[in-house]
Protein chains: 2
Amino acid sequence: MKMSTKGQYSLRAMVALAQVQQNQEEGMLSISQMAKQTGVTVRYLEKLLRSLKAAGLVETTRGAAGGYRLAKPAECITVGQVLQVGEGRLEPVECIQSDGRPCDRKKSCAIQYVWQRISESIHQVIDEMTLKEVASQTPDENQSVI
Amino acid sequence: MKMSTKGQYSLRAMVALAQVQQNQEEGMLSISQMAKQTGVTVRYLEKLLRSLKAAGLVETTRGAAGGYRLAKPAECITVGQVLQVGEGRLEPVECIQSDGRPCDRKKSCAIQYVWQRISESIHQVIDEMTLKEVASQTPDENQSVI
DNA sequence: CTAATCACGACTAAAACAGTAGGAATTAAA
DNA sequence: TTTAATTCCTACTGTTTTAGTCGTGATTAG
């Protein structure tokens with residue numbers, strides 16, 4: 001039950017893009033710049049951004065002085081959208097996904113109640129939180145970590 | 001970001017045990033009986049239950065007519081406790097775990113805020129929900145599934 | 001022309017997952 | 001005392017997923 005690096009790094013990249021947009025409208029960010037900021041290799045970021053582009057979350061311009069930018073304003077992209085590109089469906093088990101086949105125990109299963117509740121609580125967080133909100137977040141040294 | 005079968009099947013087994021406890025106080029359940037109810041192989045259940053025992057969540061008696069029972073009343077065991085045995089720590093990323101090493105970006109990382117929020121929302125659900133609550137849950141045919 | 005940049009598909013090593021297998025120890029009951 | 005049912009322990013193994021890398025091609029500003 002861990003986020004893969006795909007999801008984590010995708011989010012890093014998107015937040016980096018959101019922070020650019022915060023400062024200069026229409027600013028582009030190249031992969032090599034993103035690699036510096038995020039600590040992820042150029043090669044791997046390249047791959048992740050390809051997926052994010054396919055999902056319609058970023059736009060690119062090619063050639064020298066090219067790069068990436070958000071396809072929509074940062075306040076219109078949710079963390080959930082980004083994570084789903086990296087991770088696939090975010091339900092904790094397949095049997096409660098709308099597109100997954102339900103298991104044969106479905107009708108008598110008391111436990112799906114658990115997965116439903118977990119799923120809802122995750123979605124409540126990530127579907128409400130936008131990149132803008134994350135980008136403007138300043139880490140607080142004093143906050144308790146777990 | 002999916003529960004492994006370890007976590008899923010462990011929970012099935014524990015709920016089966018809780019349902020026994022609901023009916024007859026002090027009833028034991030053998031692995032072969034559990035296998036029928038849960039749809040998991042005897043061999044694999046055996047392995048999972050060993051971990052649950054090591055974690056102090058079930059008790060056993062060996063020999064013929066032996067079996068397993070909950071080590072504590074069903075209302076005193078949370079879903080979170082069970083899942084943690086199967087899955088390990090349930091935080092979505094290692095860097096926010098109290099026992100995981102924080103990543104080197106920690107101080108400047110705006111994204112830990114996301115993981116914190118997700119983590120809290122998951123724990124709010126699974127640490128409050130007891131086996132008793134799950135065992136008494138009747139699946140509702142009419143509830144919307146996602 | 002050239003250097004910087006994105007684009008695409010194939011490939012791979014390592015780890016995690018999902019079990020299985022063999023056999024030993026214990027105990028109730030015949 | 002034998003037998004059958006049961007838990008206990010240690011390995012082992014095939015498959016899938018993860019976490020990348022690599023080579024090469026296409027595009028474009030200067």
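Letters A, B, ... are given to chains in the order of the sequence lines, protein chains preceding strands, and every chain is numbered from 1. Remember, predicted model here, so these are calculated numbers, not experimental data.
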Gln21(A): partners by side chain to side chain donor-acceptor pair (under 3.5 Å), with sequence neighbours left out: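 None.
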
Any donor-acceptor N/O pair, [X] side chain to [Y] backbone, under 3.5 Å:
{"X": "Glu87(B)", "Y": "Ser4(B)", "answer": "yes"}
{"X": "Thr41(A)", "Y": "Tyr44(A)", "answer": "yes"}
{"X": "Arg12(B)", "Y": "Thr38(B)", "answer": "yes"}
{"X": "Gln112(B)", "Y": "Cys109(B)", "answer": "yes"}
{"X": "Lys2(B)", "Y": "Arg89(A)", "answer": "yes"}
{"X": "Ser136(B)", "Y": "Lys132(B)", "answer": "yes"}
{"X": "Thr78(B)", "Y": "Gln81(B)", "answer": "yes"}

Basic-acidic side-chain contact under 4.0 Å: Arg117(B), Glu120(B):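 Salt bridge flag = no for Glu120(B) with Arg117(B).
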
Evaluate the side chain to side chain donor-acceptor pair (under 3.5 Å) criterion for residues His123(B) and Glu91(B): first the C-alpha distance (whole Å), next the side-chain angles of each, then the deciding distance (0.1 Å), finally the verdict. CA-CA 9 Å; His123(B) 277 284; Glu91(B) 283 70 36; 3.0 Å; yes

Please determine whether the number of non-hydrogen atoms from other residues, nucleotides or ligands lying under 6.0 Å from atom NZ of Lys36(A) exceeds 12.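 No, NZ of Lys36(A) has 12 or fewer neighbouring heavy atoms, counting only those of other groups under 6.0 Å.
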
First and last nucleotide of DNA chain D, 5' to 3', lying under 4.0 Å from heavy atoms of chain A: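 Range of nucleotides touched by chain A: dA19(D) to dA29(D).
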
Pairwise side-chain contact, Ile96(A) with Ser119(A), heavy-atom cut-off 4.5 Å (strictly under):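 Yes - at least one pair of side-chain heavy atoms lies under 4.5 Å apart.
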
Could you identify which residues of residues 37-51 of chain A place a heavy atom less than 4.0 Å from some atom of DNA chain C, listed by residue number, or say none?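 The stretch gives Arg43(A), Glu46(A), Arg50(A) as the residues lying under 4.0 Å from the strand, ordered by number.
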
Counting only non-hydrogen atoms, which of residues 52-66 of chain B are less than 4.0 Å from DNA chain C?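 Arg62(B), Gly63(B), Ala64(B), in order of number.
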
Do any of residues 2-14 of chain A sit with a heavy atom less than 4.0 Å from DNA chain D, and if so which?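 Of all residues in residues 2-14 of chain A, the ones placing a heavy atom under 4.0 Å from DNA chain D are Ser4(A), Thr5(A), Tyr9(A).
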
Count I, L, V, M, F, W, Y as connected when their side-chain heavy atoms are under 4.5 Å apart, and connections chain through other members. Are Met28(B) and Leu70(B) then in the same cluster?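 In one cluster: no.
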
Mapping Met1(A) and Ser30(A) to their closest nucleotides on DNA chain C, which lands nearer the 5' end?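 Taking each residue's closest nucleotide, the earlier one in sequence belongs to Ser30(A).
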
Distance from Ile111(A) atom CD1 to Gln137(B) atom CD, nearest 0.5 Å?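 If we round to the nearest 0.5 Å, Ile111(A):CD1 and Gln137(B):CD are 11.0 Å apart.
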
Which nucleotide of DNA chain C is the first, and which the last, in the 5' to 3' direction, to come under 4.0 Å of a heavy atom belonging to chain B?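 Reading along DNA chain C, I get dA18(C) to dA28(C).
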
Please lay out, stage by stage, how Ser30(B) and Gln33(B) fare under the test side chain to side chain donor-acceptor pair (under 3.5 Å). CA-CA 5 Å; Ser30(B) 73; Gln33(B) 290 172 302; 3.3 Å; yes

